[in-house]
**Student:** 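Structure in structure tokens, see below.
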Amino acid sequence: MLSVGLAAIAAASAAAPASPSTPLRMSCTAGMISFGGTQARVFCGSAKATVKIGGKTFSFKGGSCERTSKYLAINVGTVVLGNTTKKKPDYFGLDVGAYPGTTSKPASHDGSYTGGVLAVEFGGKSYLLRGDTAKITVSGGRTRGTFSADGLLGSSRAIGSFSC
């Protein structure tokens, strides 16, 4: 099950067109919006992430970090819930620990964890990743970390980093 951040799905930001490697966000207003016939959620803040998949590197910036005693959730960009008539905006999501709807081991401190939820949407393309193969290491008081996960359905393995 997707975490609150991933399930609370994101929407379009007031954004300029993205370059092939880095989305450009002129301004950001966090919250739910209508997007191409469905709902989406825009995330804003200091979070950023870099993801390498199949020889391509994607950079995300301007997102949120949610740290509770049980989990860490990073959401950057706009996540769309449901089918849309528009090209999906760029989005990165990572959840580790006992996020809502799971019985996972809590990620209450710095360390390495196996399993989680990873979502990557870039340039209108979804990169499907296997959360059961995710290795996520958090450090700096759970303000940064690294991750890796196998691809699903022919997607390449992903590696990357994030920070709040």
**Student:** Looking at CG of Leu81 and CD of Gln39, how far apart are the two atoms once the value is rounded to the nearest 0.5 Å?
**Tutor:**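 The CD atom of Gln39 is 8.5 Å from CG of Leu81, to the nearest 0.5 Å.
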**Student:** Using side-chain contact (heavy atoms from CB on, under 4.5 Å), reason through Cys28 and Val42 one step at a time and then give a plain yes or no.
**Tutor:** CA-CA 8 Å; Cys28 188; Val42 176; 3.8 Å; yes
**Student:** So do the side chains of Ile74 and Ser64 get within less than 4.5 Å of each other, counting heavy atoms only?
**Tutor:** no
**Student:** Taking all non-hydrogen atoms of both residues into account, name the closest pair between Ser69 and Pro106 and its distance.
**Tutor:**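 Shortest heavy-atom contact: O-CB, 4.4 Å.
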**Student:** Report yes or no: does Asp150 contribute a side-chain atom to a donor-acceptor pair with the main-chain N or O of Arg157 at less than 3.5 Å?
**Tutor:** no
**Student:** Restricting to non-hydrogen atoms, name the atom on Leu72 and the atom on Arg67 that form the minimum distance, rounded to 0.1 Å.
**Tutor:**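 For Leu72 and Arg67, the tightest heavy-atom pair comes out as CD1-CG, 3.3 Å.
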**Student:** Quick check for you: to the nearest 0.5 Å, what is the distance between Lys61 atom NZ and Asp90 atom CG?
**Tutor:**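 Rounded to the nearest 0.5 Å, the NZ-CG separation comes to 12.5 Å.
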**Student:** Can any side-chain N or O of Ser126 pair as donor or acceptor with the backbone N or O of Leu128 at less than 3.5 Å?
**Tutor:** no
**Student:** So, does Asn75 use its side chain to make a donor-acceptor pair with the main chain of Gly93 at under 3.5 Å?
**Tutor:**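 The answer is no, because no donor-acceptor pair under 3.5 Å joins these two groups.
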**Student:** Report yes if some heavy atom in the side chain of Phe43 is under 4.5 Å from a heavy atom in the side chain of Tyr91; otherwise report no.
**Tutor:** yes
**Student:** Counting N and O atoms only, with roles assigned by atom type, does the side chain of Thr85 sit under 3.5 Å from a partner on the main chain of Gly37, one being a donor and the other an acceptor?
**Tutor:** no
**Student:** Shortest non-hydrogen contact from Ile136 to Gly115?
**Tutor:** CD1-O, 3.9 Å
**Student:** Using atom types as modelled and distance alone, determine if a side-chain donor or acceptor of Asp95 lies under 3.5 Å from a backbone N or O of Tyr71.
**Tutor:**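 Absent.
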**Student:** Kindly indicate whether the side chain of Glu121, heavy atoms from C-beta on, has any atom under 4.5 Å from the side chain of Phe60.
**Tutor:**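 Heavy-atom side-chain distance check fails, nothing below 4.5 Å.
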**Student:** Which atom names give the shortest non-hydrogen contact between Arg142 and His109, and what distance separates them?
**Tutor:** CD-N, 3.7 Å
**Student:** State which residues pass side chain to side chain contact (heavy atoms under 4.5 Å, CB included) with Ser163; sequence neighbours excluded, sorted by chain then number.
**Tutor:** Lys48, Arg144
**Student:** Grab the two heavy atoms, one from Phe92 and one from Val120, that are nearest each other, plus how far apart they are.
**Tutor:**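 In this case the closest contact between Phe92 and Val120 is CD1-CG2, 4.0 Å.
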**Student:** Nearest 0.5 Å please: distance from the OH atom of Tyr127 over to the NZ atom of Lys56.
**Tutor:** 4.0 Å
**Student:** Donor-acceptor pair, Thr38 side chain versus Phe35 backbone, under 3.5 Å?
**Tutor:**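 Checking the backbone N and O of Phe35 against the side chain of Thr38, no donor-acceptor pair under 3.5 Å is found.
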**Student:** Would you say the side chains of Ser112 and Thr137 form a donor-acceptor pair under 3.5 Å?
**Tutor:** yes
**Student:** Which heavy atom in Thr50 sits nearest to a heavy atom in Ser59, and how many Å separate them?
**Tutor:**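 Closest heavy-atom pair between Thr50 and Ser59: OG1-OG, 4.1 Å.
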**Student:** Would you call the rings of Phe162 and Phe147 parallel, tilted or perpendicular, where under 30° means parallel and over 60° means perpendicular?
**Tutor:**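 Answer is parallel, since the angle falls under 30°.
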